[in-house]
Amino acid sequence: MAAVGADAAGRPASYGEAVRASERFHVPLHPRWLLFWHDLAPAEVRALAEHVERTGRWIQGALELPADPVQHDLLARLGFLMGPTAAGGWRGEPDPSAALVGGLGLSADGARLVRRSPLDPVAEDPLDYVSRLAGVPVRARGPSRIGGRVGRPEKAYHRSMEPNVHVLFPVGSAGGPTRSVMQAAQRSGPEGVKVDLGVRSCPACGRSSVWSRCGCGVHTEPAGRTISEALPVGKIWSEALARLRLTHVPVVKGVKGLTSPGKVPEPIEKGILRASHQISVYQDGTARFDLTDLPLTHFRPNEAGISVERLRDLGYVRDWTGAPLVSGEQLLELRPQDILVARTCGDYLTRLAQFVDDELVRFYGLDPYYDVHRPEDLFGALVVALAPHTSGGVAGRIVGFTPAEACFAHPVFHAAKRRNCDGDEDSVTLLMDALLNFSRSYLPSSRGALMDKPLVLTTRLEATEVDKEAHNVDVGLRYPLEFYRAAAARRPAKEVEPIVETVGKRLGTERSLAGYGITHDTARVAAGPVRSAYRDSRSMSDMVERSIVLTSRIRAVDVAQAVTLVLNAHFLPDLMGNLKSYATQKFRCKVCGTSYRRPPLAGRCGEVRPGGGRCDGDLLATVYEGSVRKYLPLSQRLSEIDGITPYVRQRIQVIADSLASLFPGAGAQTTLDRFAPPP
Ligand SMILES: [Zn+2]
Ligand SMILES: [Zn+2]
């Protein structure tokens with residue numbers, strides 16, 4: 001539509017131009033001048049039209065109205081943007097002003113508003129009515145509204161085991177409750193600490209050892225059995241410190257015992273170096289950083305905190321339109337294995353790189369690999385990305401940092417990590433950490449121990465090898481007109497699938513991973529709050545309170561339905577579960593810790609002490625009334641909200657009744673005096 005009065009993109013320059021273009025080309029009014037007319041009843045539109053005609057004034061290209069609480073509601077529902085004037089009235093923004101005045105059948109004559117189209121007859125449908133008043137077809141601004149709820153808040157945090165561990169090295173109980181290796185070294189004395197270790201033998205000289213390297217220098221092999229051995233932790237610790245030549249000795253936390261079937265310990269040096277860089281170790285010997293997955297196809301250098309020069313080095317020589325990359329504001333298409341990670345992740349991976357370099361130099365006697373001093377030095381570094389339910393990692397490359405607490409990556413990259421896109425949070429680690437420190441021998445024998453471990457590594461993405469969900473990403477440059485017509489007619493999505501370009505339609509071609517189009521641009525993909533209010537909530541009731549305030553303001557949300565969902569999915573199962581665990585709870589001896597499925601009739605611990613005689617300790621409940629009742633008042637309050645079905649209300653009442661009979665409470669106790677006749 002390269003009409004007179006249009007801007008470079010073909011959009012009309014003013015409301016007047018838009019109306020003329022509609023008349024000339026027989027098309028509906030341009031969406032820039034749409035209000036939520038369909039949210040008002042025709043009678044409300046009529047009332048508002050009379051009010052604006054009577055009281056409104058057109059001042060310097062915008063509508064000014066006196067402040068009026070009744071009209072405020074209508075204007076807010078229309079999405080009419082306005083601000084206060086010095087005189088205490090309201091002044092609309094220029095575009096909504098033109099849209100409102102035109103849609104009410106008015107036009108400006110100097111400061112005065114004059115009627116162009118008669119108010120009667122009033123049509124049954126608000127859009128038909130407004131279209132007649134405006135003189136051109138006016139379409140719905142928000143024909144469909146989609147409500148969603150957040151599964152869990154965003155996350156960006158380094159992974160640590162509970163309690164935190166620096167090295168998979170056993171210290172038994174000598175390390176105390178913190179499993180401190182230094183404490184075990186000091187306390188154990190020359191006889192050492194008794195721990196279970198795997199037996200290994202040397203293929204060269206035949207000697208057996210518990211270490212991966214034999215005294216003769218050859219790598220040992222597992223003999224398939226374990227022994228209980230006194231480990232000279234003091235000697236190992238002081239020798240390791242001497243070998244590493246550290247000036248500062250950090251607090252190093254080991255493990256009580258090894259959980260892997262082969263019971264292979266890590267060299268203690270790795271833990272000392274990890275602790276000195278504040279790096280935690282995971283079950284498999286690697287360090288991880290967990291991040292929420294967010295898909296991304298395009299980015300700007302400036303929002304990724306990376307220079308144009310560095311990006312050109314990494315292969316980004318052209319922007320997404322094919323123009324040479326010269327400015328930080330040009331839009332680039334993200335390469336399928338490139339990722340943008342949270343800045344906090346960049347900080348952690350910087351320390352991890354420094355640990356790996358220290359390990360290479362001080363422990364293995366090799367050259368450093370990363371040589372990083374600040375997070376930006378990691379641009380171009382390779383990582384392994386892993387998902388919790390697969391045992392395959394995907395190789396990626398860091399090309400930027402984001403203020404969002406997330407990992408931005410290509411949709412096919414996220415899909416490649418997962419079996420069926422069943423979650424939203426994965427981890428990354430530096431490739432060299434995985435190559436150097438990962439071992440299957442450290443993994444516990446428990447089921448599921450192979451999950452989330454880099455047993456295999458995908459080095460090259462293939463769109464054909466990922467789950468179908470990523471094939472549904474639409475990659476066209478624009479939606480065809482038929483798409484909008486089908487949407488306006490509310491046709492099923494399946495009907496328009498053939499006319500929308502998706503990744504699935506490009507499978508088998510080189511455009512399956514690149515050459516993606518976008519339909520809507522944004523200046524900063526991480527704009528907005530980077531930390532959801534959910535994480536700052538003080539308590540569950542505060543959280544629920546705040547989310548109800550929010551949902552009641554969002555037109556897409558049915559508050560009663562949202563509350564019912566929370567009650568049915570969280571509070572009711574929680575209450576019932578706690579009630580059941582209270583009724584079937586165990587009792588524990590306060591003195592010796594023995595737990596009782598059924599407490600002895602005496603009500604005291606009957607365990608025989610090592611020296612003879614009974615323990616006789618007090619028995620304590622393990623589930624308390626408070627934990628059962630915890631969410632009852634909140635659930636009861638929620639069930640009072642208008643629109644909650646009697647069924648849900650009564651379910652909560654039934655639980656409240658059983659709790660009242662289970663815990664009668666002091667106030668409910670009665671004595672026989674109550675039934676005595678008055679004196
Ligand atoms: Zn040997
Ligand atoms: Zn006892």
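One-based numbering, in listed order, for ligands and for the atoms of each. Since the structure is predicted, the reported quantities are computational estimates derived from the model, not experimental observations. Atoms considered below: every heavy atom in the structure, side chains included; atoms not considered: hydrogens, waters and symmetry mates.
For the pair SG of C589 and SG of C615, the angle whose vertex sits at the Zn ion (ligand 2) is 110° to 10 degrees. At the Zn ion (ligand 1), the vertex angle linking SG of C214 with SG of C202 is 110° (nearest 10 degrees). At the Zn ion (ligand 1), the angle from SG in C216 to SG in C205 is 120° when rounded to 10°.
Ring orientation note: the planes of H158 and Y348 are close to parallel, at an angle under 30° on the 30°/60° scale.
Here the two rings, on F571 and Y631, have centers that are under 6.0 Å apart.
Judged by a 6.0 Å distance limit and a 45° cone about the ring axis, R343 is not positioned over the six-membered ring of F401.
Atom NZ of K155 has more than 12 neighbouring heavy atoms from other residues, nucleotides or ligands inside a 6.0 Å radius.
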